[in-house]
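Beneath this line is the structure, given in structure tokens, with notes to follow.
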Amino acid sequence: MNKTGPSASPLTLRSWLKRLADSDRLVVAKPGLALKHEVASLAKRMDANKAVLFPQPGGHAIPIVSGFMSRREWIAEAMGVDNSELLQAYRKAAENPLPWKEVPAGSAPCQTVVHRDVDMRTLLPIPVHSEHDSGPYITAGLIISRNPDTGEQNVSIIRIQVNSKDRMAVLMLPRHTWTFYQASAKKGVPLPVAIVIGVDPLTLLASQAIVPLNHDELEIAGALHGAPLPVTKCLTSELRVPADAEIVIEGRVLLDERELEGPFGEFPKYYSSAEQREVVQVDVVTHRENPIYHTIVPAEMEHLLLGAIPREATLLAHLQRSFPGVRDVHLSVGGTCRYHLFVKLRKTREGEPKNVIMGAFAGHYDVKHVVVVDEDVDVHDPSQVEWAIATRFQADRDLVVVSGAQGSILDPSTTVAFGGAEIPPEMQGISAKMGMDATKPVSYQGYVFTKVKVPGEDEDPAPLLQADASAALRGLFQE
Ligand code: MN
């Protein structure tokens, strides 16, 4: 799928960073920026504009990189496709996983250096990101676990708070890692995990695929690369990790231990509160010679887009199964790339948009507000969507509201009913859903719903302009 193709050299983290540097898309910070706030604040100032490399962060020998996936067109470029083909290309990879290939033990770059007696507080340059965060957090760690019954792997990114020398608290949302942890707990054994930091852009993107349980996201990484992903066996478990990764933390999620985790600034640009969470016991850390550490600044574009693109691809596939008229979808930045879904529909019958709205709610529990628009509206342009709402939507007949559904537990407005009291897990994330049918009628009189257009307005203006305007302007502005 990648345009560079399997025959060309594979896309690695380092080749991607080099490409960004060679095209003025990567800047280098002064050496020694503070791990507390300073690294994240500079990365945030460059967000969606430049990736940043931080040499000697906090005096640490290992450099940090951030923001190398912070634009939609960079992600398309890494995938070797045009922006307009991004979702279909991602979907194709997710539907056609490619089994990984194993690199013999001892020859994987990610295991060149082995640390058996680790102190997580000093071994890696782990930043403190937002103002009220409880401490240093690993934010770009791919957590790999294994179905204890069948051996299938799972990959996701979860936030990890470093608590002490070799213990870290983790937030597992009720998805796949959590399911494997429950299955392991049933057998009375801690869940082995590998936390992988510093992977190539496509493996990073694959980790966020919305696929069913027991689908190894590393196989989607292979499909995105157009070649099987090289993996290697962990030193302390049967887990397979990307052989070319920069850093691998091997450990176990303990059964009966809980430690306080949070507050932590999350993707909706609010803090999750401190709660008792599961604990990873760290056993071994391996890394490349001179590794690079990756941090994702929470709520910035790298964080938002890594979630948005796989979700858009999945939601588009999901909607098109039932509604062939659906042309495109977009999770807007203002909706935190999770909560607001804009759907472009080729409407043929009245009422259809409301079916699409109900289908979208079922596509992912994070989807909170859905706007359905016509084909003449660009779903990637929020002002065009707003224009459709302003001119094609009537609240008394085009609005769909569903009360008391499941939403995102990170949406603070779902907690209001509890007035700050602790919310039992089964009551978390209860949310209303709203859909807006902002489409015009299928048939109408005259030009009443025809978008105003000047013939020629979409064409290149250059042929109609004088290259040298000086002759035409001479004398014109003199009093
Ligand atoms: Mn999964």
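Numbering starts at 1 and runs along the sequence shown. In this text the structure is predicted, and so the values were computed from the model without any measurement. Every heavy atom of this structure was used, including side-chain atoms; hydrogens, water molecules and symmetry mates were not. For ligands, and for the atoms within them, numbers begin at 1 and follow the listed sequence.
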Could you go step by step and tell me if E312 and H330 meet the side chain to side chain donor-acceptor pair (under 3.5 Å) rule?
CA-CA 6 Å; E312 287 177 352; H330 180 57; 3.1 Å; yes
With sequence neighbours left out, the residues meeting ring pair (Phe, Tyr, Trp, His ring centres under 6.0 Å) with H364 are none
With R146 as the cation and F180 as the aromatic partner, state whether NZ or CZ is under 6.0 Å from the six-membered ring centre and within 45° of the axis.
no
Check the orientation of H340 and H369. Use parallel for under 30°, tilted for 30 to 60°, and perpendicular for over 60°.
tilted
Compare every heavy atom of V231 with every heavy atom of W100, then report the nearest pair and how far apart it is.
CE3-CG2, 3.3 Å
What protein N, O or S atoms come within a distance below 2.8 Å of the Mn ion (ligand 1), ordered by chain and number?
N154 OD1, H176 ND1, E217 OE2
Between H129 and F264, what is the ring plane arrangement, given parallel below 30°, perpendicular above 60°, and tilted in between?
perpendicular
